[in-house]
Amino acid sequence: MHQLPGAWQRAARGAGLLAPDGTSVPTIFAEMSALAASTGALNLGQGFPDEDGPEPVLEAARDAIARGVNQYAPGRGFPDLLSAVAEHQKRFYGIELDPQREVLITVGATEALAATLLALIDSPDDEVVVFEPHYDSYAACVALSGAKLVPVPLRWPDFQPDLEQLASAVTDRTRVILVNDPHNPTGSVFSREVLDEVVRLAHRHDAIIVTDEVYEHLVFDGPHVAIATLPDAAERTLSISSAGKTFSLTGWKTGWVTGPADLVTAVLAVKQFLTYVGGSPFQPAIAVGLRLPEAFFASVASEMAAKAALLGTGLRAAGFDVSSPGGSYFTVVDAAPLGATDADAFCRELPARAGVVGIPLTAFVSPAHRAQYATLVRFAACKRVDVLAEAAQRLAAMTPA
Ligand code: PMP
Ligand code: GLN
């Protein structure tokens, strides 16, 4: 075995993935997708669709390759995609951006988040406030940056934060308030009061708001409220999104950061040394996607709402207590009525007991806070209707533990 000192340990520990023998284990998504593949179970774990995105977007990527768009893109992104992102922000949110200075194309939201946190955090005394449970990369990137993660709990069943707990988490040490809305893993959409409070606290403590809005077009009872549109927010907000969820193209890994020019340029300064740039032919194709007519974006939300309703009905029929997601791919259930005491163990047994894979919510929570999420499981609705129906039947016929 190699002795491997290095920042990998910070990342692995931050994400709760440092094994007792000192090695790093795969993410819960990698682990559960591998379990689904090896058992043949239906994968309602990792959030990726099982159908392709819109044909004009796929065709535009094929066309870009055929036209020879196969060398490095400019560091910020192709000008046409920068413009398409700016047009999208104007069309849906009324936000005016200078495409050349206030937009940056990244390798998915994941790189955008990593580069943003690394760019903004400067000292081990800096704090990053997140809502917990949270997407797995947040804790890893905050740990890599050397700062402290300050979680604000979201509680079953509505997963809205308590405003007093939020206010006491944000202090003058807070460098970033990181807001994922609609929220993974809980499916919640934050109330206007929560968003207003985030902006008020960011001003009071001179913090920067970083948003993760990858599910922006998956709000069931829309429209989505982008924090950058709230009064006095834009000047201190970096908004992050990605093509993956909106266009059912999670493998294309094309995202973007928008906001004040100096902040975006700071993110670029880090991003250019992480990947330099992502895959060129995807960029013109995503520009086509961002310019699709209104009806496409409306159908993205309404189709996912219908799938979430179908999944919810199936989960209730199988005996789970089921939360009501306001958006995203995800529905959280409490497996306690089915005798579960440990969601992690329950999810590991589920392929054998029911032929279905889900993700334990404890995977998104720091070890000290796991007890209150002990029996909660996340299921993804972003699958074909026949797959969701089959999963519901299998869960209803689950064998006893
Ligand atoms: N943030 C959240 C909340 C996510 O669910 C995901 C995963 N899709 C990402 C970021 C990463 O997005 P991307 O695949 O564009 O890197
Ligand atoms: N965003 C996806 C999810 O939450 C997973 C992406 C990944 O595997 N990193 O399921």
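Whatever order the structure lists ligands and atoms in, that order sets their numbers, starting from 1. All heavy atoms count here, side chains included; hydrogens, waters and symmetry mates do not. All values derive from a computational prediction rather than experimental measurement.
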Next on the checklist: Taking atom CG as the centre, does Asn70 end up with more than 12 heavy-atom neighbours from other residues, nucleotides or ligands that are less than 6.0 angstrom away?
Outcome noted: yes

Next on the checklist: Can a side-chain donor-acceptor contact be found between Glu102 and Thr258 if the only test is distance below 3.5 angstrom?
Outcome noted: no

Checklist entry - Is Glu55 atom CD crowded by more than 12 heavy atoms from other residues, nucleotides or ligands, each under 6.0 Å away? => result yes

Next on the checklist: Measuring from non-hydrogen atoms of Tyr215 to any atom of ligand 1, is the shortest distance under 4.0 Å?
Outcome noted: yes

Next on the checklist: Here's one to test your reading of the geometry: is the NZ or CZ of Lys383 within 45 degrees of the ring axis of Phe48 and under 6.0 Å from its centre?
Outcome noted: yes

Checklist outcome for this item: Quick note on ligand 2: atoms under 4.0 Å from a heavy atom of Lys245 include exactly 1 (N)

Next on the checklist: Can you report which non-hydrogen protein atom sits closest to atom 15 (O) of ligand 1, along with the distance?
Outcome noted: Ser242 OG, 2.6 Å

Checklist outcome for this item: When distances are taken from atom 7 (C) of ligand 2, the protein heavy atom at minimum range is Phe29 CD1, 3.5 Å

Checklist entry - Do we see a donor-acceptor contact under 3.5 Å between the side chains of Gln372 and Arg155? => result yes

Checklist entry - Of all the non-hydrogen atoms in the protein, which one sits nearest to atom 6 (C) of ligand 2, and at what distance? => result Tyr135 OH, 3.2 Å

Next on the checklist: Over 60° means perpendicular and under 30° means parallel, so tell me whether Phe297 and His217 are parallel, tilted or perpendicular.
Outcome noted: tilted

Checklist entry - Is ligand 2 under 4.0 Å from a heavy atom in the side chain of Thr110, in the backbone, in both, or in neither? => result neither

Checklist entry - At a 4.0 Å threshold, what atoms of ligand 1 neighbour a non-hydrogen atom of Asn180? => result 3 (C)

Next on the checklist: Quick test: of every protein heavy atom, which one is nearest to atom 8 (O) of ligand 2, and how far off is it to 0.1 Å?
Outcome noted: Gln46 NE2, 2.6 Å

Checklist entry - What is the nearest protein non-hydrogen atom to atom 11 (C) of ligand 1, stated with its residue, atom name and distance? => result Thr110 OG1, 3.2 Å

Item to check | Closest protein heavy atom (residue, atom, distance) for atom 12 (O) of ligand 1 | outcome: Ala109 CB, 3.6 Å

Item to check | Contacting atoms of ligand 2, where contact means under 4.0 angstrom from a heavy atom of Phe330 | outcome: 3 (C), 4 (O), 10 (O)

Checklist entry - Hey, is ligand 1 close enough to Lys253 that some N/O pair sits below 3.5 Å? => result yes

Checklist entry - Is there at least one pair of N or O atoms, one from Asn184 and one from ligand 1, spaced under 3.5 Å apart? => result yes

Checklist entry - Considering residues, nucleotides and ligands other than Arg200, do more than 12 of their heavy atoms fall under 6.0 Å from its CZ? => result yes

Checklist entry - Does Asp136, backbone or side chain, put an N or O under 3.5 Å from an N or O of ligand 2? => result no

Checklist entry - Counting heavy atoms not belonging to Asp221, are there more than 12 under 6.0 Å from its CG? => result no

Checklist entry - Considering only protein heavy atoms, which is closest to atom 8 (N) of ligand 1, and at what distance to one decimal place? => result Lys245 NZ, 1.6 Å

Checklist entry - Got the closest protein heavy atom to atom 1 (N) of ligand 1, with its distance? => result Asp212 OD2, 2.5 Å

Next on the checklist: Please tell me whether Glu132 and Tyr373 have a donor and an acceptor in their side chains that are separated by less than 3.5 angstrom.
Outcome noted: no

Checklist entry - Take atom CZ in Arg204; do more than 12 heavy atoms of anything else shown fall under 6.0 Å from it? => result no

Item to check | His183 touching ligand 1 at heavy-atom level, < 4.0 angstrom | outcome: no

